[in-house]
Number of protein chains: 2
Amino acid sequence: MARPKAQPYHHGQLREALATSGRALLEEKGIRGFTLRECARRAGVSHAAPAYHFASIDDLLAELAARGFQELGSAMTAEADRAEGGATGRLVAQGVGYMAFAAGNPALFQLMFSREANRLETPTLAAAAEAVRKLQAAAVEAVIPHASGEIKQRMADFAGASVHGFISLLLEGEIGGKDSSRALKVRGLSLLSAMAETVVRVGG
Amino acid sequence: MARPKAQPYHHGQLREALATSGRALLEEKGIRGFTLRECARRAGVSHAAPAYHFASIDDLLAELAARGFQELGSAMTAEADRAEGGATGRLVAQGVGYMAFAAGNPALFQLMFSREANRLETPTLAAAAEAVRKLQAAAVEAVIPHASGEIKQRMADFAGASVHGFISLLLEGEIGGKDSSRALKVRGLSLLSAMAETVVRVGG
DNA sequence: TTCCGCCTCTTTCCAGCGTCAAGATTCCAG
DNA sequence: CTGGAATCTTGACGCTGGAAAGAGGCGGAA
């Protein structure tokens with residue numbers, strides 16, 4: 001096996017390496033502190049190398065966001081799949097997965113919903129975001145299968161907004177300033193059950 | 001050579017001028033596109049002048065965010081004060097004011113809830129954000145005056161999260177991609193009434 | 001095999017950025 | 001009237017993203 005030298009001229013996996021170092025850098029420095037050069041530095045290449053894999057820094061951010069949406073979708077389905085309690089249980093669990101991902105990757109989550117990533121609207125990013133949206137809509141519709149399309153849409157709005165809003169405000173520090181992590185989880189679950197009850201009540 | 005009156009050596013109102021030009025610049029270029037030098041340029045001063053009024057660019061952004069929270073609070077109370085339908089009507093109207101402000105100042109709204117502003121946690125910013133939080137809590141409590149403190153808190157979480165989440169997702173393009181402005185308002189109002197009904201039902 | 005074209009990466013350069021330091025100007029307390 | 005303090009300008013530093021040009025390595029064609 002021809003193991004590559006310590007620093008070969010051709011990296012070979014630079015796109016992946018940049019996505020990895022970029023994600024770490026993003027969580028470390030935040031969106032404003034993110035720089036292409038530092039990202040390249042961590043991947044062990046010169047500052048101009050990324051240009052051959054990402055057209056611009058916004059293009060790289062869009063890629064990070066797209067990967068984030070894919071991972072978010074996985075987190076949601078994984079949590080939902082191990083849930084009990086039928087469709088309603090799945091809806092709540094999916095919300096738990098959503099919140100857990102956001103809490104574990106706050107800067108990435110912020111980027112995904114920040115419009116900074118959407119400056120360069122790549123098809124990959126749009127598709128990844130759309131997949132997450134459909135996941136949410138499907139979970140809501142499974143709870144109220146006999147409701148009208150309009151009601152389903154409005155309940156999907158409602159469910160998505162509640163979950164997204166709560167975790168956003170929490171990460172921003174607008175909710176539960178000095179509460180313990182344990183207490184915050186209780187508040188999150190409480191919100192999720194109130195949301196699910198509303199979906200059932202209005203839609204059923 | 002005498003300086004033109006229009007641009008005297010001492011500006012006199014530079015802090016205000018920077019806040020004004022900064023706000024416009026923010027909406028134009030977004031958070032990442034915001035630069036201190038362009039801000040100074042628009043205010044008609046040299047690039048180093050802002051340093052005497054704002055310690056850093058983050059300090060200026062924090063000021064913009066703080067002013068944003070004050071204005072948001074005003075928008076909420078103004079809308080609530082002209083509402084009918086008692087406490088519940090006020091709660092819904094306050095949500096309308098919240099959404100209207102966000103829709104009218106998307107970049108500022110994003111900054112206010114972006115944690116980029118909170119890097120430099122000024123007392124002014126913290127107080128302004130706290131005032132908005134109290135406004136929301138008060139509107140919820142007025143609807144369910146006899147509920148327990150815990151229920152009140154959870155309903156405040158719920159109401160705040162729904163409203164904030166909906167408008168955030170809308171501004172980000174995650175909700176209602178090709179719907180008309182009119183249709184979006186209907187969806188927003190529908191969400192607000194579902195939220196208010198839940199508060200009444202759970203808390204009452 | 002050798003060779004040539006293409007892709008990848010480095011080096012160099014540019015304008016613009018935030019911030020600091022020093023000098024110029026104006027204001028105002030004494 | 002005067003001198004210090006506040007405000008603003010100019011200039012400099014190291015950083016940034018991006019463009020341009022050259023070097024290195026891969027792989028298909030001869």
Side-chain angles (χ1 to χ4, degrees), chain A residues 1-22 24-26 28-65 111 114 116-117 119-120 122, chain B residues 1-22 24-26 28-65 111 114 116-117 119-120 122:
Chain A
M1 31 186 190
R3 191 169 167 274
K5 291 187 219 165
Q7 295 185 356
Y9 196 92
H10 280 64
H11 186 290
Q13 308 273 43
L14 187 50
R15 184 171 240 272
E16 282 305 311
L18 287 171
T20 303
S21 67
L25 181 59
L26 182 65
E28 240 173 82
K29 302 291 180 63
I31 295 181
R32 261 183 85 81
F34 185 91
T35 73
L36 198 57
R37 285 168 108 105
E38 174 65 18
C39 193
R41 230 171 273 136
R42 295 191 181 195
V45 294
S46 79
H47 69 265
Y52 286 85
H53 301 277
F54 300 100
S56 68
I57 189 171
D58 288 327
D59 192 26
L60 171 52
L61 289 175
E63 171 77 13
L64 291 179
L111 171 69
S114 76
E116 305 290 330
R119 277 203 217 172
L120 225 155
T122 69
Chain B
M1 30 183 165
R3 270 172 196 283
K5 248 188 191 175
Q7 299 188 0
Y9 197 92
H10 280 65
H11 186 290
Q13 308 271 45
L14 187 50
R15 183 171 241 270
E16 282 305 311
L18 287 171
T20 302
S21 67
L25 181 59
L26 183 64
E28 241 173 80
K29 303 291 180 63
I31 296 181
R32 264 183 82 84
F34 184 91
T35 74
L36 199 55
R37 285 168 107 106
E38 173 66 18
C39 193
R41 232 172 271 134
R42 295 191 181 196
V45 295
S46 78
H47 66 265
Y52 286 85
H53 301 276
F54 299 101
S56 67
I57 189 172
D58 288 327
D59 192 25
L60 172 52
L61 289 175
E63 171 77 11
L64 291 179
L111 171 69
S114 76
E116 306 289 330
R119 276 202 217 172
L120 225 156
T122 69

*Asks:* How long is the line joining NE2 of B:H11 and P of D:dT9, in whole Å?
*Replies:* 10 Å

*Asks:* Base of C:dT12, side chain of A:H47 - is there a donor-acceptor contact under 3.5 Å?
*Replies:* yes

*Asks:* Could you check how far CD of A:E38 sits from C1' of D:dG14, rounded to whole Å?
*Replies:* 15 Å

*Asks:* Look at all strands and tell whether B:R41 reaches a base, only sugar-phosphate, or nothing, counting heavy atoms closer than 4.0 Å.
*Replies:*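 It contacts sugar-phosphate atoms only.
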
*Asks:* Report which part of the nucleic acid A:S46 touches: base, sugar-phosphate, or nothing (heavy-atom distance under 4.0 Å, all strands).
*Replies:* base

*Asks:* Donor-acceptor pairs are to be reported for all side-chain atoms of residues 45-53 of chain B against protein atoms at under 3.5 Å, with residues two or more places apart or in another chain.
*Replies:*
none

*Asks:* Would the number of heavy atoms belonging to other residues, nucleotides or ligands and lying under 6.0 Å from CD of A:Q13 be above 12?
*Replies:*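 Not buried by this count: 12 neighbours or fewer within 6.0 Å.
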
*Asks:* Distance check needed: D:dA19 P versus A:L36 CG, whole Å only.
*Replies:*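 Going from A:L36 (CG) to D:dA19 (P), I get 11 Å.
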
*Asks:* Would you indicate which nucleotide in D:dA12, D:dT9, C:dT12 comes nearest to any side-chain atom of B:V45?
*Replies:*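 It is D:dT9.
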
*Asks:* By side chain to side chain donor-acceptor pair (under 3.5 Å), which residues pair with B:R37, not counting sequence neighbours?
*Replies:* none

*Asks:* What is the distance, to the nearest angstrom, from the CZ atom on B:R32 to the C1' atom on D:dG18?
*Replies:* 14 Å

*Asks:* For the side chain of B:A48, counting heavy atoms from C-beta on, which of D:dT9, D:dG17, D:dA20 is nearest?
*Replies:*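 Nearest to the side-chain atoms of B:A48, counting from C-beta on, is D:dT9.
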
*Asks:* In whole angstroms, how far is the C1' atom of C:dC7 from the CG atom of A:L14?
*Replies:*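 Answer to the nearest Å: 13 Å.
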
*Asks:* Between C1' on D:dC8 and CZ on B:F54, what's the gap in Å once rounded to a whole number?
*Replies:*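 B:F54 atom CZ is separated from D:dC8 atom C1' by 15 Å.
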
*Asks:* At under 4.0 Å between heavy atoms, what does B:H53 touch on the DNA or RNA strands: base, sugar-phosphate, or nothing?
*Replies:* sugar-phosphate

*Asks:* Is there a donor on the side chain of B:R37 or the base of C:dT19 sitting less than 3.5 Å from an acceptor on the other?
*Replies:* yes

*Asks:* With no angle test and no hydrogens, is the base of D:dC8 tied to the side chain of B:Y52 by a donor-acceptor pair under 3.5 Å?
*Replies:* yes

*Asks:* Separation of B:D59 atom CG from C:dC20 atom P, in whole Å?
*Replies:*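 Checked: the CG to P distance equals 12 Å.
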
*Asks:* Please give, in whole Å, the distance from D:dT16 C1' to A:L60 CG?
*Replies:* 15 Å

*Asks:* Given D:dC8, D:dG18, C:dT19, which nucleotide is nearest the side-chain atoms of B:A49?
*Replies:* D:dC8

*Asks:* What is the distance from atom SG of A:C39 to atom CG of A:L61, rounded to the nearest 0.5 Å?
*Replies:* 9.0 Å

*Asks:* Using 4.0 Å as the upper bound for N to carboxylate O, is an ion pair formed by B:E63 and B:R15?
*Replies:* yes

